[in-house]
Amino acid sequence: MVVAPATAKVIGKYAHGISDDLVTATLLATRAPVLVAPAMHTEMWEHPAVVDNLALLAARGVHVVPPESGRLAGGDVGAGRLAAPERIVAAAAEVLARSGDLAGLRVVVTAGGTREPIDPVRYIGNRSSGKMGYAIADAAAARGADVVLVTTVHRPVHPRVRVEAVVTADEMAAATLAAADSAEVVVMAAAVADFRPKAVAPAKLKKSDGVPEIVLEPTPDILRLLGERKRADQYLVGFAAETDDVRENAAAKLAAKRVDLMVGNDVRSEDSGFEVDTNRAVLLDADGGVEEFGLVTKVRLADLILDRVRTPHPRQGATE
Ligand code: CTP
């Protein structure tokens, strides 16, 4: 339960068990974690009564987002202005994450399509929107994991996610392999280009110079590299974007890249794959387990994937 703004009166009543209105009655009745964001004039904020009441609440486990300094309702300036909404949301998310089932788990997620430059203004890219990767990063962070998101696209993200911006497959490989060194789970949801121009033209290619011939070379297969160096305590999730024979192709990639869980998805149907908010997925695990889902939102699929992320981590206390 979040009380924002929390006045000196609400804080005082809550601290002393007075419940004579809807807010304070709910505060006394709830078993949920409580977070208060005080807002009041500077003189009130500094008054010993308010200071003591807040100390009492904090000692009982109530979370406090202190006010900021700035212009107050009366036109004066000082400490007591309600914290910015982003700070309150971040504090609430932090409190909820602490009791999440993935608390303490370190997760790396990749998202978006890489861009491989042709010249200073053009690149080879793909249709990936990053929605699936962001959904996984958001869900993992909300469930308590410490998440690093290596991404080529930029969207609003859960405040607990650390974002690392990259552009090319090479940059994504470097950032992901480095982050994976201190992670128990890596989810490769990005659409990594398989080939890039061998040489990047230093200046814009001109139409007048005729049709260019662009020679390609392979990029690093990040998932394969992660599979090759996988530690016993690591769990690797890959995606297989397929237009045909989803299950068979996903199974082949699972084995070839030493992945623990492969999410096969049909990128040809209109309600699955690139750009849309939904997916049709089949989950294949290294033990031969197969689970097929009908149409689900990417947000829901993110939680279904994370439910299967079984790896030794602090909360499970496993020692493999
Ligand atoms: N992948 C990767 N590095 C690459 C290419 C792919 O890490 N250079 C990862 C993707 O992030 C995904 C998985 O490998 O998790 C499968 O990607 P996909 O494009 O479906 O398969 P490819 O191995 O590239 O095979 P193909 O394109 O021939 O289907």
Side-chain angles (χ1 to χ4, degrees), residues 107-118 121-143 145 147-176 179 185-197 219-223 226 236-244 246 249-250 253 257 259 261-283 292-306 309:
V107 177
V108 179
V109 184
T110 64
T114 63
R115 293 177 172 193
E116 310 302 330
I118 296 170
V121 296
R122 305 183 180 92
Y123 60 85
I124 297 175
N126 62 66
R127 288 176 53 204
S128 171
S129 61
K131 282 182 179 173
M132 193 64 240
Y134 268 76
I136 293 168
D138 282 342
R143 289 166 67 162
V147 183
V148 176
L149 177 65
V150 181
T151 181
T152 62
V153 291
H154 299 284
R155 321 168 59 87
V157 70
H158 191 287
R160 300 187 64 257
V161 172
R162 183 158 69 82
V163 174
E164 280 200 32
V166 295
V167 177
T168 64
D170 255 0
E171 289 172 12
M172 183 170 278
T176 306
V185 178
V186 185
V187 184
M188 278 298 305
V192 188
D194 288 326
F195 302 101
R196 65 176 165 226
T219 56
D221 188 328
I222 306 169
L223 190 57
L226 288 164
L236 198 52
V237 182
F239 276 71
E242 306 295 344
T243 53
D244 303 281
V246 178
N249 286 327
K253 285 177 191 173
K257 301 195 186 190
V259 170
L261 184 72
M262 193 55 119
V263 185
N265 60 312
D266 183 349
V267 291
R268 194 137 68 170
S269 68
E270 262 176 31
D271 53 11
S272 176
F274 295 127
E275 290 149 356
V276 295
D277 291 324
T278 48
N279 242 350
R280 291 177 187 280
V282 55
L283 299 193
E292 187 142 14
F293 299 107
L295 192 66
V296 288
T297 63
K298 288 182 176 175
V299 170
R300 173 86 187 115
L301 182 58
D303 273 320
L304 291 169
I305 292 167
L306 291 171
V309 168

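Note that the structure is predicted; figures quoted are calculated from it, not measured.
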Visitor: Indicate the atoms forming the closest heavy-atom contact of Val246 with Gly264, along with that distance.
Guide: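 What the structure gives for the nearest pair is CG1-C, 3.7 Å.
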Visitor: Around Tyr123, counting heavy atoms of other residues, nucleotides and ligands shown, do more than 12 lie under 6.0 Å from its OH?
Guide: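 Not buried by this count: 12 neighbours or fewer within 6.0 Å.
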Visitor: Which pairs count as side chain to side chain donor-acceptor pair (under 3.5 Å) when at least one residue sits in residues 129-139, sequence neighbours excluded?
Guide: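 Pairs touching residues 129-139 that pass the test: Lys131-Asp277.
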Visitor: With the threshold set at 4.0 Å, does a side-chain nitrogen-carboxylate oxygen contact exist between Lys253 and Glu242?
Guide: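 Result for this pair is yes, salt bridge flagged.
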Visitor: Which residues pass the side-chain contact (heavy atoms from CB on, under 4.5 Å) test with Asn126, not counting sequence neighbours?
Guide: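 In terms of side-chain contact (heavy atoms from CB on, under 4.5 Å), with neighbours along the sequence ignored, Asn126 is linked to Ser128, Ala191.
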Visitor: What's the separation between atom CD1 in Ile305 and atom CD1 in Ile136, rounded to the nearest 0.5 Å?
Guide: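 It is 4.0 Å, given to the nearest 0.5 Å.
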Visitor: On a heavy-atom basis, which atom in Val192 and which in Ala169 lie closest, and how many Å separate them?
Guide: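 Closest pair (atom of Val192, atom of Ala169, distance): CG1-CB, 3.6 Å.
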Visitor: What pairs with Arg160 under salt bridge (charged side-chain N to carboxylate O under 4.0 Å, His left out), at least two apart in sequence or on another chain?
Guide: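 For Arg160 the salt bridge (charged side-chain N to carboxylate O under 4.0 Å, His left out) partners, ignoring immediate neighbours, are Glu94, Asp146.
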Visitor: Counting C-beta onward and ignoring hydrogens, is there a side-chain heavy-atom pair between Met188 and Val237 closer than 4.5 Å?
Guide: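 With C-beta onward as the side chain, the pair stays apart.
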Visitor: Of all heavy-atom pairs between Pro197 and Ile118, which one has the smallest distance, and what is that distance?
Guide: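 So the two residues come closest at CG-CG1, 3.9 Å.
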Visitor: Thr219: what forms a side-chain hydrogen bond (donor to acceptor under 3.5 Å, both in side chains) with it, not counting sequence neighbours?
Guide: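 Per chain and number, Thr219 pairs via side-chain hydrogen bond (donor to acceptor under 3.5 Å, both in side chains) with no residue.
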Visitor: Could you pull out all residues at least two apart from Ala281 that satisfy side-chain contact (heavy atoms from CB on, under 4.5 Å)?
Guide: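 Here the qualifying residues are Val263, Leu301.
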Visitor: Tell me, which pairs form a side chain to side chain donor-acceptor pair (under 3.5 Å) where one or both residues lie in residues 163-174, sequence neighbours left out?
Guide: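 Every side chain to side chain donor-acceptor pair (under 3.5 Å) pair that includes a residue of residues 163-174, provided the two are not neighbours, is Arg162-Glu164, Asp170-Arg196.
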Visitor: Only one of Val166, Thr152, Val150, Val187 clears side chain to side chain contact (heavy atoms under 4.5 Å, CB included) with Thr110; which?
Guide: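 Per the side chain to side chain contact (heavy atoms under 4.5 Å, CB included) rule, the option paired with Thr110 is Val150, out of Val166, Thr152, Val150, Val187.
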Visitor: Ala241: which residues meet the side-chain contact (heavy atoms from CB on, under 4.5 Å) condition with it, sequence neighbours left out?
Guide: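 Counting only residues at least two positions away or on another chain, Ala241 forms a side-chain contact (heavy atoms from CB on, under 4.5 Å) with Val267.
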Visitor: Restricting to pairs with a member in residues 293-305, which pass side chain to side chain donor-acceptor pair (under 3.5 Å), not counting sequence neighbours?
Guide: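 The answer is Arg143-Asp303.
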Visitor: Partners of Asn265 by side-chain hydrogen bond (donor to acceptor under 3.5 Å, both in side chains), sequence neighbours excluded?
Guide: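 With sequence neighbours excluded, Asn265 shows a side-chain hydrogen bond (donor to acceptor under 3.5 Å, both in side chains) to Asn279, given in chain and number order.
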Visitor: Can you name the residues that form a side-chain hydrogen bond (donor to acceptor under 3.5 Å, both in side chains) with Asp266, not counting sequence neighbours?
Guide: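 Counting only residues at least two positions away or on another chain, Asp266 forms no side-chain hydrogen bond (donor to acceptor under 3.5 Å, both in side chains).
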Visitor: Taking the side chain from Thr278 and the backbone from Asp271, do they hold a donor-acceptor pair closer than 3.5 Å?
Guide: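 Side chain of Thr278 to backbone of Asp271, a donor-acceptor pair under 3.5 Å: yes, one is there.
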Visitor: Could you state the interatomic distance from CG (Leu295) to CZ (Arg280), rounded to the nearest 0.5 Å?
Guide: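 The distance works out to 4.5 Å.
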Visitor: Who passes salt bridge (charged side-chain N to carboxylate O under 4.0 Å, His left out) against Arg155, sequence neighbours left out?
Guide: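 Testing Arg155 for salt bridge (charged side-chain N to carboxylate O under 4.0 Å, His left out), a comparison that skips the adjacent residues, returns none.
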Visitor: Using the side-chain contact (heavy atoms from CB on, under 4.5 Å) criterion, which residues pair with Ala250? Sequence neighbours excluded.
Guide: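 side-chain contact (heavy atoms from CB on, under 4.5 Å) check on Ala250 returns Ala240, Met262, Leu284.
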